Amino acid sequence: MPSRLTPTTGARSSASDTTPAFAPMPEFSARLIAWQRQHGRHDLPWQNTRDPYRIWLSEIMLQQTQVSTVIPYYAKFLARFPDVAALAAAPSDDVMALWAGLGYYTRARNLHRCAQVVVEQHGGAFPASVDQLAELPGIGRSTAAAIASFAFGARATILDGNVKRVLARVFGVEGFPGEKKVENAMWTLAESLLPSNASNAELSGYTQGLMDLGATLCVRGKPHCSRCPFAPDCVANVTGRQRELPTARPKKTVPTRRTWMLLLRDGNAVMLERRPPSGIWGGLWSLPEAADEASLAERARAFGGDGEVSALASFSHVFTHFKLDIEPRLAEFDRGVGALAALNDADTAWVALSDLDSFGVPAPVRKLLASLHGSLL
DNA sequence: TAGACGTGGGT
DNA sequence: TACCCAAGTCT
């Protein structure tokens, strides 16, 4: 029986609800499972295991982050924290230091908290249900489904960027998927596509297939439709609208902020300051900042310097939602290495440039310090 | 609910 | 170069 792939507009009960309902494709899951078995990815570092800890760790790292970026971090974490108990027992600063450079640092704080909750409230074993998983810090609806599916063979759908792209194209879902209304429609569609009578292994393969199809064939730029199992039925392929689906995010001009950073140096050591727990780079160690040149000089004096600062090359760092112009200023300090440690407190640390790896430092700040380290050698 | 929240890779 | 955005969650 050929399936209907066009939107059945106006099929909803409410007349004011203009969201099109999409007819399910009965053989969608079977086709996807078969494709995944033969053409999907089977050798990623977090595959070929049912260990919820390893699966959970990978899923958190993979949130908004590409596979190639995650791989080295995943290896580092697993080597240092082989199980959830080891992670739960670690000092927060160690977790942040290991996460530094991966971005979205709330994930690291939630990762640590989640490990502690699993140990203290679940006896060290991750819960098997989607609902219980979704109650844990840092685990939302999609990640809960991924963990439950991979670790326990649960019947639950993910809805990540891959799935949104696949659904938008195959079923012709219009509208920016970041918009709540569109996302809700996609959740409903994704739920309707889940296989009804599948084994645990098939359900894991189905979930992996959704990700693999989006990541390897149904890619953003130029999808490889000739190899896709859904090509004959895909709305985007049939109508040549691969470039228009999914609907792009509305353009917005990103504002620019400016900050002055104090590079207080004493010999081979620099002073780091702990950032507040929330906001950009929350909980990381960075350079002391000020909103203008004069305030920075004032801070340098407060730390015991003579107020003389020299300009280093300015640079900018682009975030998703704003651009940050950074004005680094160098101030020399001369107390001698032995006296520096006595100046440290919970939020201040004099650190040897060679020891930066043991602190969680934002990527652009790390680069700035690395260039200084290089120039001192 | 829309905005905050990083970084690096692809085009 | 500049722009887009990736295995999303939280508030």
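Numbered from 1 within each chain, the chains take letters A, B, ... in sequence-line order. What you are looking at is a predicted structure, and each value in this text was computed from that prediction instead of being measured.
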Practice item. Select one nucleotide: of B:dT7, B:dG8, C:dC4, the one nearest the side-chain heavy atoms of A:Tyr105. Key: B:dT7
Point to revise | Nucleotide C:dA2, atom C1' - distance to NZ of A:Lys251 in whole Å | key: 11 Å
Exercise for review: Check DNA chain C against residues 68-78 of chain A and give the residues with a non-hydrogen atom under 4.0 Å, in numerical order.
Suggested key: none
Point to revise | Matching residue for A:Gln47 among A:Gln208, A:His42, A:Arg54 - test: side chain to side chain donor-acceptor pair (under 3.5 Å) | key: A:Gln208
Review point. How is A:Lys252 classified with respect to the nucleic acid when contacts are heavy atoms under 4.0 Å: base, sugar-phosphate, or nothing?
Key: sugar-phosphate
Exercise for review: Look at atom CD of A:Glu308 and say whether more than 12 heavy atoms of other residues, nucleotides or ligands are closer to it than 6.0 Å.
Suggested key: no
**Study point:** Touch class at under 4.0 angstrom, heavy-atom based, for A:Gly178 against every strand present
**Key:** nothing
Revision key, fill the gap. Here the distance between atom P of B:dC5 and atom CD1 of A:Ile280, to the nearest Å, is 5 Å
Check your understanding: Within the structure shown, what part of the strands sits under 4.0 Å from A:Ala146 by heavy-atom distance: base, sugar-phosphate, or nothing?
Key -> nothing
**Study point:** P-based separation of C:dC4 from B:dG3 [nearest Å]
**Key:** 16 Å
Check your understanding: What is the distance from CZ of A:Arg275 to P of B:dC5, rounded to the nearest Å?
Key -> 10 Å
Practice item. Give A:Lys222 one of three labels, base, sugar-phosphate or nothing, depending on what nucleic acid heavy atoms sit under 4.0 Å from its own. Key: nothing
Exercise for review: Would you please test A:Asp325 and A:Arg258 for salt bridge (Lys or Arg N to Asp or Glu O under 4.0 Å) and show each step?
Suggested key: CA-CA 5 Å; A:Asp325 290 338; A:Arg258 196 176 185 195; 5.6 Å; no
Exercise for review: Quickly work out the A:His321 NE2 to B:dA2 P distance and round it to whole Å.
Suggested key: 17 Å
Exercise for review: Answer yes if the side chains of A:Thr157 and A:Glu191 hold a donor-acceptor pair under 3.5 Å, and no otherwise.
Suggested key: no
Practice item. Return the value, rounded to whole Å, for the distance between atom CZ of A:Phe322 and atom P of B:dG3. Key: 16 Å
**Study point:** Whole-angstrom distance between B:dT1 and C:dA6, as gauged at atom C1'
**Key:** 23 Å
Review point. For A:Asn184 and A:Ala363, take the nucleotide of DNA chain B holding the closest heavy atom to each; which residue's nucleotide lies nearer the 5' end?
Key: A:Asn184
Check your understanding: So A:Tyr104 and A:Gln63, side-chain contact (heavy atoms from CB on, under 4.5 Å) or not? Walk me through it.
Key -> CA-CA 9 Å; A:Tyr104 284 145; A:Gln63 288 169 0; over 6 Å; no
Exercise for review: With DNA chain B as reference, determine whether A:Gly279 or A:Glu179 sits nearer its 5' end, using the nearest nucleotide of each.
Suggested key: A:Glu179
Review point. B:dG6 phosphate, OP1 or OP2: any side-chain N/O from A:His317 under 4.0 angstrom?
Key: no
Exercise for review: Taking atom P in both C:dT9 and B:dG8, compute the distance separating them and give it to the nearest angstrom.
Suggested key: 23 Å
**Study point:** Whole-angstrom distance between B:dC5 and C:dA2, as gauged at atom P
**Key:** 24 Å
Check your understanding: Could you write nucleotides 6-11 of chain C as a row of B, S and -, 5' to 3', where a protein heavy atom under 4.0 Å of any base atom gives B, of only sugar-phosphate atoms gives S, and otherwise -?
Key -> BBBSS-
Practice item. Would you check, one step at a time, whether the test salt bridge (Lys or Arg N to Asp or Glu O under 4.0 Å) holds for A:Asp233 with A:Arg31? Key: CA-CA 12 Å; A:Asp233 307 305; A:Arg31 243 193 272 180; 2.8 Å; yes
Check your understanding: On the ring face of A:Trp285, is A:Arg275 found with NZ or CZ under 6.0 Å from the centre and within 45° of the axis?
Key -> no
**Study point:** A:Phe176 six-ring face occupied by A:Arg249 cation (under 6.0 Å, within 45°)
**Key:** no
Practice item. Between C:dA7 and B:dA2, how far apart are the P atoms? Round to whole Å, please. Key: 23 Å
Check your understanding: A:Met96 has an atom CE; how far is it from atom P of B:dG6, in whole Å?
Key -> 9 Å
Review point. Do A:Tyr105 and A:Leu284 touch side chain to side chain, with heavy atoms closer than 4.5 Å?
Key: yes
Point to revise | Expected output: side-chain A:Ser142 to main-chain A:Leu159 donor-acceptor under 3.5 Å | key: yes
Review point. Taking only side-chain nitrogens and oxygens of A:Lys180, does any of them come within less than 4.0 Å of OP1 or OP2 of B:dG3?
Key: no
